[in-house]
Amino acid sequence: MQEQLKPIFERRSVRDFTGEALSQEQLHTLLAAAMQAPSCRNKRKDCYLVLTKREEMLKILQVHPYASMLKSAGAAVIVCGEPFGGAENDYWVEDASACMENLLLAAQGLGLGAVWLGVYPLQDRVEGLRGLFHIPEGVTPMGIAAVGVPASTPEPIDRFREDKVHWERW
């Protein structure tokens, strides 16, 4: 494996953290990496809510049944999008998802662990987060990244499957 691609091939969902806080530099790097993602028509409708206080992160447990890892994560980043109207133009979910993936890969590259907690399209989670954190109408939480110093890291898995690949025709 090429050294440059290690963060992609070694990235795993980490759900077990030490509880250590992340530095402002680490958070800035994660956000900068997220914002480097491609964006449909360069609309750049991604936005982020960063939670570093444990009591704020734990509020998410009220509205997300699978967020227990936030009890020990160093931070939570809620990746949001601003839908920009018209079915032919509205790729905010894809844009926000690309941002999330960049953030997860950046965490791996920094020696951190992270896991993507799904939010959108489940309206109870969307509205729950909106209410908890005063997210304005017109901004939709797409997902949450729980990020931190890993207490344990799952082994990499080779997920390549030749039977999923079709050449020239299906």
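In this text, all values refer to a predicted model and were calculated from it rather than measured experimentally. We use all heavy atoms of the structure for the numbers below, so side chains are in, but hydrogens, waters and symmetry mates are not.
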> Between Pro150 and Thr18, what is the shortest heavy-atom contact and its length?
Replying inline: O-CG2, 3.8 Å
> What is the distance from atom CG of Leu31 to atom SG of Cys99, rounded to the nearest 0.5 Å?
Replying inline: 10.5 Å
>> Rounded at 0.5 Å granularity, tell me how far CD in Gln24 sits from OG1 in Thr52.
In response: 7.0 Å
> Can you find a pair of side-chain heavy atoms, one from Val79 and one from Tyr48, that are under 4.5 Å apart?
Replying inline: yes
> So, for Pro141 and Cys80, which heavy atoms are closest and what is the spacing to 0.1 Å?
Replying inline: CA-SG, 3.7 Å
> What distance do Ile8 atom CD1 and Glu101 atom CD have between them, rounded to the nearest 0.5 Å?
Replying inline: 8.0 Å
> Has the side chain of Arg12 got a donor or acceptor atom that lies under 3.5 Å from a matching backbone atom of Thr153?
Replying inline: no
> Would a distance-only check, ignoring hydrogens and angles, find a side-chain to backbone donor-acceptor pair under 3.5 Å from Asp95 to Cys40?
Replying inline: yes
>> Quick check on the hydrophobic clustering: are Val50 and Leu104 connected, directly or via other members, by side-chain heavy-atom contacts under 4.5 Å?
In response: yes
> Shortest non-hydrogen contact from Val139 to Cys47?
Replying inline: CG1-SG, 3.7 Å
> Okay, side chain of His64, backbone of Lys59: is any donor-acceptor separation there less than 3.5 Å?
Replying inline: no
> What are the two closest non-hydrogen atoms of Leu103 and Ala34, and how far apart are they?
Replying inline: CB-CB, 4.1 Å
> Are the side chains of Val63 and Asp124 in touch, meaning some heavy atoms are under 4.5 Å apart?
Replying inline: no
>> Is it the case that the side chain of Arg125 and the backbone of Met142 share a donor-acceptor pair, with hydrogens and angles ignored and the cut-off at 3.5 Å?
In response: no
> Is it true that Arg130 and Glu137 make a salt bridge, defined as a side-chain N closer than 4.0 Å to a carboxylate O?
Replying inline: yes
> Going by heavy atoms in the side chains, are Tyr91 and Arg41 under 4.5 Å from each other?
Replying inline: no
> Should we say atom CZ of Phe133 is surrounded by more than 12 heavy atoms from elsewhere, each under 6.0 Å from it?
Replying inline: yes
>> Is there a path of hydrophobic side-chain contacts, each under 4.5 Å between heavy atoms of I/L/V/M/F/W/Y residues, joining Leu58 to Met69?
In response: no
>> What's the separation between atom CD in Glu127 and atom CD1 in Ile135, rounded to the nearest 0.5 Å?
In response: 9.5 Å
> How many angstroms lie between NZ in Lys164 and CZ in Arg159, if you round to the nearest 0.5 Å?
Replying inline: 12.5 Å
> Shortest non-hydrogen contact from Ser13 to Pro154?
Replying inline: O-CG, 3.6 Å
> Would you say Arg54's side chain and Ala73's backbone share a donor-acceptor pair under 3.5 angstrom?
Replying inline: yes
> If you measure from CZ on Arg15 to CG on Leu117, what distance do you get to the nearest 0.5 Å?
Replying inline: 8.0 Å
>> Run Ile144 and Val77 through side-chain contact (heavy atoms from CB on, under 4.5 Å) and show every step you take.
In response: CA-CA 6 Å; Ile144 304 163; Val77 179; over 6 Å; no
> Under a 4.5 Å cut-off applied to non-hydrogen side-chain atoms, are Asp46 and Ser39 in contact?
Replying inline: no
>> To check you understand the geometry: which heavy-atom pair defines the closest contact between Pro7 and Glu3, and what is its length?
In response: CD-O, 4.2 Å
> Does a side-chain heavy-atom distance below 4.5 Å link Leu51 with Ile60?
Replying inline: yes
> Is the count of non-hydrogen atoms from other residues, nucleotides or ligands lying under 6.0 Å from Gln36 atom CD greater than 12?
Replying inline: no
>> Applying a strict under-4.5 Å side-chain criterion to I, L, V, M, F, W and Y, I'd like to know whether Leu105 and Leu5 cluster together.
In response: yes
>> Other residues, nucleotides and ligands only: do more than 12 of their heavy atoms fall within 6.0 Å of CD on Glu55?
In response: yes
> Would you find a donor on one side and an acceptor on the other, under 3.5 Å apart, between the side chain of Asp16 and the backbone of Ala151?
Replying inline: no
